[in-house]
Asks: 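The structure is given below, and queries will be raised subsequently.
None of these values were measured; they are calculated from a predicted model.
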Amino acid sequence: MTALTADRNTPYKDAEVLVAPVAATKKIYAGSLVAANATGYATPGATVTTLTALGRAEESVDNTSGADGAKTVTIRRKRAFKFANLGGDPVTQASLGKDCYIVDDQTVAATNGTNNRSVAGIVTQIESDGVWVEF
């Protein structure tokens, strides 16, 4: 391959919605925080250091009887979504604009615990009933 020497019509697509293959034995609920596991399959958010947050599930998908990739899930991103705030490690106003961390598929925390939580996304607002997280 060589660098361009003329204009190129580079293909593109919207990245707001993606479809990802679901990890084996996993069930993802609509509205839940979805992450990619270490091998790149969609999985519910959990307290694990090897996850990469993807966004919010647009649908419920049950792959509890399937192999990796047997089913896919539609995920919305490029927006902020409201998740529960962990009482024992709450996201506070001091976290505005900073990373928060995945506790489970509906809860985020202010810190990575003792290095056992993956980054969820950026805190955009804190309310009494939850935390707005941008993916």
Side-chain angles (χ1 to χ4, degrees):
M1 288 288 214
T2 60
L4 291 176
T5 58
D7 293 342
R8 177 177 187 250
N9 184 10
T10 303
Y12 71 93
K13 64 180 180 177
D14 183 5
E16 186 176 310
V17 175
L18 65 94
V19 176
V22 178
T25 73
K26 298 298 180 185
K27 183 170 187 176
I28 296 174
Y29 293 95
S32 68
L33 191 159
V34 181
N37 65 19
T39 56
Y41 290 94
T43 188
T47 298
V48 180
T49 59
T50 57
L51 298 181
T52 302
L54 296 175
R56 182 195 70 188
E58 291 293 287
E59 60 189 337
S60 183
V61 176
D62 187 349
N63 197 32
T64 53
S65 299
D68 281 342
K71 295 192 177 182
T72 60
V73 62
T74 302
I75 301 163
R76 184 166 303 275
R77 41 186 292 113
K78 307 289 184 192
R79 299 219 174 151
F81 303 98
K82 188 192 271 188
F83 292 103
N85 198 353
L86 182 66
D89 186 8
V91 175
T92 65
Q93 192 62 40
S95 297
L96 186 64
K98 297 178 183 174
D99 289 337
C100 62
Y101 298 84
I102 303 169
V103 175
D104 58 35
D105 63 355
Q106 69 167 347
T107 311
V108 295
T111 71
N112 67 8
T114 53
N115 294 319
N116 63 354
R117 296 181 189 135
S118 298
V119 172
I122 303 294
V123 175
T124 62
Q125 190 172 354
I126 302 96
E127 296 180 351
S128 61
D129 62 344
V131 179
W132 290 90
V133 181
E134 180 182 9
F135 293 89

Asks: Using the side chain to side chain contact (heavy atoms under 4.5 Å, CB included) criterion, which residues pair with P44? Sequence neighbours excluded.
Replies: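 Testing P44 for side chain to side chain contact (heavy atoms under 4.5 Å, CB included), a comparison that skips the adjacent residues, returns K26, I28, D105.
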Asks: Distance-only, no hydrogens or angles: does the D68 side chain make a donor-acceptor pair with backbone N or O of A24 under 3.5 Å?
Replies: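 Present.
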Asks: Measure the spacing between OG1 of T124 and CZ of F135 and express it to the nearest 0.5 Å.
Replies: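 One finds 10.0 Å between OG1 of T124 and CZ of F135.
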Asks: Indicate, with yes or no, if I75 and Y41 share a hydrophobic cluster defined by side-chain heavy-atom contacts under 4.5 Å among Ile, Leu, Val, Met, Phe, Trp and Tyr.
Replies: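 No, Y41 does not connect to I75 through the hydrophobic network.
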Asks: Are V22 and T43 packed together at the side-chain level, in the sense that at least one heavy-atom pair is separated by less than 4.5 angstrom?
Replies: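 Result no, sub-4.5 Å side-chain heavy-atom pair not found.
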Asks: Is there a chain of hydrophobic side chains (I, L, V, M, F, W, Y, each step under 4.5 Å between heavy atoms) that links I122 to V108?
Replies: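 No, because I122 and V108 fall into different hydrophobic clusters, even though each may have its own neighbours under 4.5 Å.
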Asks: If you take all heavy atoms of A57 and V34, which pair is closest and at what distance?
Replies: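 Heavy atoms only, the tightest pair is CB-CG2, 3.5 Å.
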Asks: Please give me the minimum heavy-atom distance between V133 and C100, naming the atom from each residue.
Replies: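 Shortest heavy-atom separation between V133 and C100 comes out as CG2-SG, 3.6 Å.
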Asks: Quick one: OG on S95 to OH on Y101, what's the gap to the nearest 0.5 Å?
Replies: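 With rounding to 0.5 Å, OG (S95) is 9.0 Å from OH (Y101).
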Asks: What distance do N85 atom CG and T107 atom OG1 have between them, rounded to the nearest 0.5 Å?
Replies: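 So the gap between those two atoms works out to 9.0 Å.
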Asks: Looking at CZ of F81 and CZ of R56, how far apart are the two atoms once the value is rounded to the nearest 0.5 Å?
Replies: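 One finds 4.5 Å between CZ of F81 and CZ of R56.
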Asks: Specify the closest pair of heavy atoms between N37 and A23, including all atoms of both residues, with the distance to one decimal.
Replies: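 So the minimum-distance heavy-atom pair works out to ND2-CB, 3.6 Å.
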Asks: Any side-chain heavy atom of V17 sitting closer than 4.5 Å to one from D14?
Replies: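 The answer is no; the side chains never approach within 4.5 Å.
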Asks: Could you tell me which residues satisfy side chain to side chain donor-acceptor pair (under 3.5 Å) with T64, sequence neighbours excluded, listed by chain and number?
Replies: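 D62.
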Asks: Give me the atom names and distance for the closest heavy-atom approach of G69 to N63.
Replies: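 Taking G69 first and N63 second, the nearest heavy atoms are N-ND2, 4.5 Å.
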Asks: Could you tell me which non-hydrogen atom of T74 sits nearest to which non-hydrogen atom of E59, and how far apart they are?
Replies: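 Closest approach of T74 to E59: N-OE2, 2.7 Å.
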Asks: Just checking, is any N or O donor in the side chain of N116 or T47 under 3.5 Å from an acceptor N or O on the other one?
Replies: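 Result is no, nothing qualifies.
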Asks: Does L33 belong to the same Ile/Leu/Val/Met/Phe/Trp/Tyr cluster as Y29, with side-chain heavy atoms less than 4.5 Å apart forming each link?
Replies: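 Unlinked, L33 and Y29 end up in two clusters.
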Asks: Is a side-chain donor or acceptor of T72 paired with a backbone partner of P21 at a separation under 3.5 angstrom?
Replies: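 Judged by distance alone, no pair lies under 3.5 Å.
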Asks: Let me confirm one number: the CD-CD distance from Q125 to Q93, rounded to the nearest 0.5 Å.
Replies: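 The CD atom of Q93 is 8.5 Å from CD of Q125, to the nearest 0.5 Å.
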Asks: Apply the side-chain hydrogen bond (donor to acceptor under 3.5 Å, both in side chains) test between E16 and each candidate in K78, R77, R79; give the one that qualifies.
Replies: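 Exactly one candidate clears the test, R79.
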Asks: Which pair of non-hydrogen atoms, one from I102 and one from V119, has the smallest distance, and what is that distance?
Replies: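 Smallest heavy-atom distance, with atoms named: CD1-O, 3.8 Å.
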Asks: If you measure from OG on S65 to NZ on K27, what distance do you get to the nearest 0.5 Å?
Replies: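 The OG atom of S65 sits 10.5 Å away from the NZ atom of K27.
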Asks: Taking the side chain as everything from C-beta on, heavy atoms only, tell me whether R76 gets closer than 4.5 Å to L54.
Replies: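 Heavy-atom side-chain distance check fails, nothing below 4.5 Å.
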